[in-house]
Each structure stands twice: as structure tokens, then as C-alpha cells.
Amino acid sequence: MSNFWDRVAWLYDLVERSNRAVNSAAANRVAELIPYGARVLDCAAGTGEFSLAAAKRAGTVLCTDQSPAMLKRARKKADRRGRINIRFAQRDVTALSDPDSSFDAVIAANVLHLLPQPERAVQELWRVTAPGGRLILPTYLQGKVGAAYGTMIKIYQGVGFHYEHAFTSETYQMMLEGLELAPVTVEVIPGRVPEGIAVLEKSV
């Protein structure tokens, strides 16, 4: 899958514009959830929009992705916008190299629906979340898309894209609650492809 994202990195932001209102609202909402001065990890960050949003309030942001091509584009965007509190590194969201409890806020946006075992990634993300910290998981809810966008998804699949789960807000929350990590809230941003922003708070 990482080879696929390397190939389409140049096209990624253009494709994201097809769901621009949802993506912009989700990034803005995630920014509001970042504590001031927080140490933030953003996993599967793509071209970095959630990292850039988080950097407005964070002390530091570690922007990570498996795809070097995605990270290159994220770095260029950070440079253009003058975000000097972002670092970049290659990471696998299911096998992070960071120590336990390293970050005050951890983001993994629009990736869980792509994974055969999203639970494994969530547990790994939870491991690196510090006590008193926040795990923020915005995820597309393909179970709610209309017919027109469903056709577009089929076109993406034709060039190698696929997703493993067509979550609704209910099935997404159920999956996360089944891990028994913490209470789960899911806020839905409606639109062409709705987004469910799940938040888990880690007790001190």
C-alpha cells in the first residue's frame, strides 16, 4: 500500500478537494482539540494537513507517514506556511518506534478504514499517548456515502486504492469501544464523504 501512496502523492491534495468542506472542517476541529503547547504525533499524515492544523496550538508536531513521497510534500507545505515546529519521520502506524507515553496528543486521520486490523493500530497509538493525553481519530465514514461518490471510490479502486471497512458512526464507535481503552466520543462532520472524529482521553 505504501508504494501506491508514493505513486499518487502528487495527486493526493487534488483528490482531497473533492471532499474539501469535510476535510477542512475536520482539520479545524482537530486543531481545537490540541492542548496548547502539546507534544503531538500525527500518524499516516499524508501531505500533512492535520499536522499543519495541529501546529497552530502544539508545542511540537511529529508528522509521520510510511510514504516518503507524502512526507516530502508535507515538508514543502510546512515550509511554505512557515510552520517551524513540525518534524518529519517515516513510521508504520501499526508498529511505532516511539517509547510509551511519548505524546500529549496523537492523531491518526483517515487511515483506520484502510487497515485490515484497525484495532492493532489504535492499540499502538494508545500506547504512545501519555497519561492525561488525547487520542484523536478522524475517519471517513464510507458507510454513509451517496451513490455519486460511491462511483468515484470505484474509480480509485481501479488504480489500486482500496479500503477495508465502510464504517458508519455507529460501527466505528462500536469498534473502538470494543477495545475497552477508554470512553469514546464520535463527532460526525456531514458532507459528501462524512467524517467521524473519535476522541479517547487517557486517564492520569
Side-chain angles (χ1 to χ4, degrees), residues 1-2 22-23 25-46 48-51 53-55 57-66 87 89-144 163-190 193-204:
M1 180 60 82
S2 60
V22 171
N23 294 330
N28 289 336
R29 179 61 182 134
V30 167
E32 293 172 355
L33 293 167
I34 301 300
Y36 285 104
R39 301 164 298 166
V40 176
L41 172 66
D42 184 10
C43 287
E49 283 302 317
F50 284 87
S51 291
R57 293 169 59 133
T60 61
V61 177
L62 179 57
C63 175
T64 71
D65 198 278
Q66 277 193 302
R87 296 181 294 118
Q90 209 169 345
R91 291 282 194 284
D92 177 351
V93 68
T94 64
L96 300 172
S97 58
D98 308 278
D100 294 356
S101 305
S102 295
F103 301 96
D104 305 307
V106 177
I107 306 163
N110 303 326
V111 64
L112 295 182
H113 62 288
L114 303 176
L115 304 176
Q117 296 179 297
E119 298 88 350
R120 180 180 169 191
V122 175
Q123 289 168 332
E124 183 68 348
L125 295 162
W126 188 248
R127 178 184 67 78
V128 301
T129 304
R134 183 173 285 165
L135 177 56
I136 306 166
L137 302 170
T139 295
Y140 289 134
L141 304 174
Q142 278 100 332
K144 296 287 189 182
Y163 60 89
E164 298 286 344
H165 304 277
F167 288 120
T168 65
S169 57
E170 295 80 12
T171 60
Y172 185 43
Q173 182 154 359
M174 190 180 307
M175 183 273 289
L176 294 171
E177 287 179 342
L179 296 174
E180 299 182 345
L181 300 174
V184 179
T185 62
V186 177
E187 174 184 343
V188 176
I189 297 177
V193 180
E195 186 132 7
I197 301 179
V199 178
L200 293 76
E201 306 270 358
K202 197 171 206 178
S203 60
V204 178

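Note: hydrogens, waters and symmetry copies are ignored here, and every other heavy atom, side chains too, is used.
- Going from atom CG of Asn110 over to atom CZ of Phe50 covers 5.0 Å, rounded to the nearest 0.5 Å.
- Considering only heavy atoms from C-beta on, Ser102 stays 4.5 Å or farther from Leu41 through its side chain.
- For the atom pair CG of Leu181 and CG of Leu200, the computed distance is 6.5 Å after rounding to the nearest 0.5 Å.
- By the ring pair (Phe, Tyr, Trp, His ring centres under 6.0 Å) test, Phe103 is found to be paired with no residue, residues two or more places apart in sequence or in another chain being considered.
- Counting only residues at least two apart or in different chains, salt bridge (Lys or Arg N to Asp or Glu O under 4.0 Å) contacts with residues 123-141 comprise Asp100-Arg127, Glu124-Arg127, Arg134-Glu201.
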Could you please spell out the steps behind the side chain to side chain contact (heavy atoms under 4.5 Å, CB included) verdict for Val111 and Cys43? CA-CA 9 Å; Val111 64; Cys43 287; over 6 Å; no
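- Looking at Thr94 and Gln117, their side chains never come closer than 4.5 Å, going by heavy atoms from C-beta outward.
- Evaluation of the side-chain contact (heavy atoms from CB on, under 4.5 Å) rule for Ala53 yields Ala27, Ala31 as partners, not counting sequence neighbours.
- For Pro190, the side-chain contact (heavy atoms from CB on, under 4.5 Å) criterion is met by no residue, not counting sequence neighbours.
- By the side-chain hydrogen bond (donor to acceptor under 3.5 Å, both in side chains) test, Thr60 pairs with no residue at all, sequence neighbours left out.
- Partners of Gln123 under the side-chain contact (heavy atoms from CB on, under 4.5 Å) rule, at least two apart in sequence or in another chain, are Leu179.
- Scored by the side-chain contact (heavy atoms from CB on, under 4.5 Å) test, Thr185 finds Val199 as partners (sequence neighbours excluded).
- Considering every non-hydrogen atom in both Pro35 and Leu33, the closest pair reads CD-O, 3.4 Å.
- Residues Asn23 and Glu195 meet the side-chain proximity criterion, which asks for heavy atoms closer than 4.5 Å.
- Leu112 CG to Leu125 CG: the interatomic distance, rounded to the nearest 0.5 Å, is 7.5 Å.
- Under the rule for a salt bridge (charged side-chain N to carboxylate O under 4.0 Å, His left out), the partners of Glu187 that lie at least two apart in sequence or sit in another chain are Arg29.
- A side-chain contact (heavy atoms from CB on, under 4.5 Å) with Leu135 holds for exactly one of Val128, Val122, Val184; it is Val122.
- Closest of all the heavy-atom pairs between Val186 and Gly196 is CG1-CA, 4.0 Å.
- Shown here are the side-chain hydrogen bond (donor to acceptor under 3.5 Å, both in side chains) partners of Thr139, two or more places apart in sequence or in another chain: Tyr172.
- For the pair Val193/Val22, no side-chain contact is recorded, criterion being any heavy-atom separation below 4.5 Å from C-beta on.
- Side-chain contact between Val30 and Pro138 is present, with heavy atoms from C-beta onward closer than 4.5 Å.
- Going from atom CZ of Arg91 over to atom CG of Asp98 covers 4.0 Å, rounded to the nearest 0.5 Å.
- Applying the side-chain hydrogen bond (donor to acceptor under 3.5 Å, both in side chains) rule to Gln173 yields the partners Glu177; only residues at least two apart in sequence or on another chain are considered.
- Residues meeting the side-chain hydrogen bond (donor to acceptor under 3.5 Å, both in side chains) test with Arg57, sequence neighbours left out: none.
- Note that SG of Cys63 is 12.0 Å distant from CD of Gln90, once rounded to the nearest 0.5 Å.
- In this structure the side chain of Ile107 reaches within 4.5 angstrom of the side chain of Ile34, judged on heavy atoms.
- To the nearest 0.5 angstrom, Leu176 atom CG is 8.5 Å from Glu119 atom CD.
- Residues in residues 33-44 take part in these salt bridge (Lys or Arg N to Asp or Glu O under 4.0 Å) pairs, two or more places apart or across chains: Arg39-Asp104.
- Taking the six-membered ring where the residue is Trp, the centroids of Tyr140 and His113 are separated by under 6.0 Å.
- Here the closest heavy-atom approach between residue Ala89 and residue Leu62 is recorded as CB-CD1, 4.0 Å.
- The two atoms that bring Pro194 and Val188 nearest to each other are CB-CG1, 4.4 Å, heavy atoms only.
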